[in-house]
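What follows is one structure encoded as structure tokens, with my remarks underneath.
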Amino acid sequence: MKTDHPADGTTLKGGSSALMHARPTLVFYHRDGAQVAQLEKGRPLVVGRTAPADVEIPDPGLSRQHARFTWDDRGIWVEDLKSTNGTKKNGEPIARAGVSPGDQIAVGPVMVAVHIIGGVVEEEMRGFDGLDRFGAALGEEITRARTFARPLTLLMVRGENAKDGHVSRWADRVRGRLRPVDRVGVYGPAAVLIALPEVAASADVVQQLAAALDGGAPKLTCSAVSFPTDGASADELIAALQVTTRSGRTTSPPRPVADAAVVVNPAMKVVMTTVARLAKSAISVLVHGETGTGKEVIARAIHEGGPRKKEPLRTINCAAIPGMLIESVLFGHEQGAFTGADKQAKGIFEQADGGTVFLDEVGELAAPAQAALLRVLETKKLTRVGGDREIAVNVRVIAATHRDLEAMVEAGRFRQDLLYRLNTMTLRLPPLRERVDEIRPLADAFLDEARRHSGSDVRAIDPAAMAALEGYAWPGNVRELRNVIERAVALAEGPSITLAELTEKVRAGRGAAPAAPVEGEAAADLDASGGYKEHVRRYEARLILQALHKHDGNQTEAAKTLGLPLRTLVHKLKEYGIKKKFT
């Protein structure tokens, strides 16, 4: 291990005079985002997993007090505090070393960039958001885009590989090209997501950004998707962007969010049996289920299993299209029908003639659009916006919603006659939290797919991580699970996905079922794969993980919370493979 001392002559590049009228700033890039901290002359700054560290980063790969940064008359120094995972400078382990801008400092799994700027931290030095915070901000931008009929683009910028293209090496190239309103989120060690409000994916600003990032080292790639074309929610856009990144295209339709081959749960087996029967008929089907449960997968299965499979399937998310444009999207418009209608356009009903139209989130349709849709379903004829000619269409309609349409009818927000037209047959898709037995096979399938596409060596999910996956409630359902696994593959440093690679929400169990069984929960668990002993193991591991998270990995306090002797807890940590994640 290398030790640099003042006598070694290691000083700031350009001489210590570079610090005379400037202030060093450290940017810590970690798996949940980035943090900015300023150095004060003569005052040490300690980074670690928890208090009393000055910079707290709750990454299990950090020791409680991992490393110390100092600034004196000779320059900036970093000193390892006898940490478990060590501190490196430019890839070499060190005990103490002088550092300069451009050096690659690794404090355990956290990369640190050194910047010298005048005065206070400038706006361009702000830290990137973690994925959870970025997802919330992206959701707000999507709401604005939908409400005001404005474009929104989501970019993924990434280095060619995690080792040479770490975010810390090129973050400045991104910051300098963005507007204050743009949001950035860390997506693995070598990638960021960027939300560009009021910018279309085909706009010059996107092309200019991609061109600007293309030069320099390391080599970066930039892919883009747009709202609402490629997705109507944060999860849908991120899922579409992952496909776009792999294929190298600039745009891509969102992929299915569930693998039809993974059907383990008894309720889902009943659903798929019904789907096979419905595919042979021509009746309208209403699919009811939460966002991300795979409603589009069901619609596609019905279409491809029936006589219309050789004809088009057209999909629209009714929640993503502003009310003023929905009729144009559904039924088309004539040239000059409204501002911006510079040419005639067919709607999805005409495009799908002879095939199937899938209306996702049909409960979000405004009253005028409901009336127009009912008229088309009854007469099998449509009139384009701004036109007066009726056009015959032959389509099968499959609709989906997460809302209680009957309650909306009673409240006067949905037409009863339209509901009768849509729900000749209703299919209910259970949320993922009601089919816990499918989490493991789905996660394994998504892991295998992500590994093949990324060329990663990650081939398994360790027991602690799997226990967290099975203990989380999955409000985003199968789509959220897929995104979590793909991100974990990008983050993983070993052959297995560990608890540390999962998102903060999954690690913390936010939204998870209560620790104590509630009515109906025990019965659902008994349907899961495995016998009595396996169920007890899963439940016990879940309780231990919750206690460890509550006390930031402190085993003594966790044992007190669980009412266990410390020796017993240590034995169970080793048995379940949890211990190494919290030391």
Side-chain angles (χ1 to χ4, degrees), residues 32 129-146 152-156 183-188 191-195 201 223-246 251-259 287 289-300 315-321 358 360-361 364 400-403 429 431-433 438-439 442-443 445-447 449-450 453 469 472-491 502-507 510-511:
D32 290 322
D129 290 332
L131 188 60
D132 290 340
R133 181 181 297 179
F134 177 81
L138 179 58
E140 294 175 359
E141 294 297 347
I142 288 173
T143 299
R144 294 190 188 98
R146 179 184 300 116
L152 172 67
T153 291
L154 181 65
L155 303 179
M156 179 179 284
R183 300 297 295 259
V184 185
V186 174
Y187 193 83
V192 297
L193 298 173
I194 305 173
S223 301
V225 294
S226 62
F227 169 88
T229 305
D230 299 306
S233 69
D235 282 343
E236 289 178 2
L237 287 174
I238 292 173
L241 195 51
Q242 289 164 338
V243 174
T244 303
T245 302
R246 289 198 293 260
T251 58
S252 172
R255 63 168 185 261
V257 296
D259 185 346
V287 185
E290 296 178 4
T291 299
T293 49
K295 298 188 289 293
E296 185 176 349
V297 172
I298 296 300
R300 188 173 297 278
T315 298
I316 178 176
N317 188 313
C318 300
I321 311 299
F358 175 53
D360 198 7
E361 299 301 349
E364 309 306 313
T401 184
H402 72 282
R403 296 191 178 277
L429 290 186
L432 190 55
R433 63 180 173 275
E438 291 193 343
I439 292 177
L442 281 169
F446 296 153
L447 168 61
E449 180 186 17
H453 284 295
L469 293 174
Y472 181 60
W474 298 107
N477 291 291
V478 180
R479 183 185 293 116
E480 184 183 8
L481 172 61
R482 186 169 204 158
N483 288 345
V484 165
I485 295 298
E486 291 190 337
R487 177 176 180 268
V489 170
L491 288 171
L502 302 182
T503 63
E504 180 185 351
K505 288 193 299 183
V506 176
R507 293 200 307 267
R510 291 205 296 268

Looking only at heavy atoms, what is the nearest atom pair of [X] and [Y], with distance?
X      : Y      : result
Ile316 : Ile321 : CD1-CG1, 4.0 Å
Asn483 : Tyr187 : O-OH, 3.9 Å
Thr401 : Glu361 : CA-OE1, 3.9 Å
Ala224 : Thr153 : CB-CG2, 4.1 Å
Ile142 : Ala234 : CD1-N, 3.4 Å
Leu469 : Trp474 : O-NE1, 2.8 Å

Rounded to the nearest 0.5 Å, what separates atom [atom1] in [X] from atom [atom2] in [Y]?
X      : Y      : atom1 : atom2 : result
Arg507 : Tyr472 : CZ    : OH    : 12.0 Å
Leu491 : Glu486 : CG    : CD    : 12.5 Å
Arg482 : Asp235 : CZ    : CG    : 12.5 Å
Phe134 : Leu154 : CZ    : CG    : 5.0 Å
Leu237 : Thr229 : CG    : OG1   : 9.5 Å
Glu290 : Arg433 : CD    : CZ    : 4.0 Å

Please name all residues satisfying side-chain contact (heavy atoms from CB on, under 4.5 Å) with [X], sequence neighbours left out, ordered by chain then number.
X      : result
Thr503 : Leu131, Asp132, Val484, Arg487, Lys505, Val506
Ala400 : Val287, Lys295, Phe358, Asp360
Glu141 : Arg144, Leu152, Pro197

Ignoring hydrogens and angles, tell me if any N or O in the side chain of [X] forms a donor-acceptor pair with the backbone of [Y] under 3.5 Å.
X      : Y      : result
Thr143 : Gly139 : yes
Asn477 : Pro431 : no
Arg146 : Ala232 : yes

Item to check | Partners meeting side-chain hydrogen bond (donor to acceptor under 3.5 Å, both in side chains) with Arg133 (sequence neighbours left out) | outcome: none
Item to check | Any residue meeting salt bridge (Lys or Arg N to Asp or Glu O under 4.0 Å) with Arg183, in chain and number order, not counting sequence neighbours | outcome: Asp129
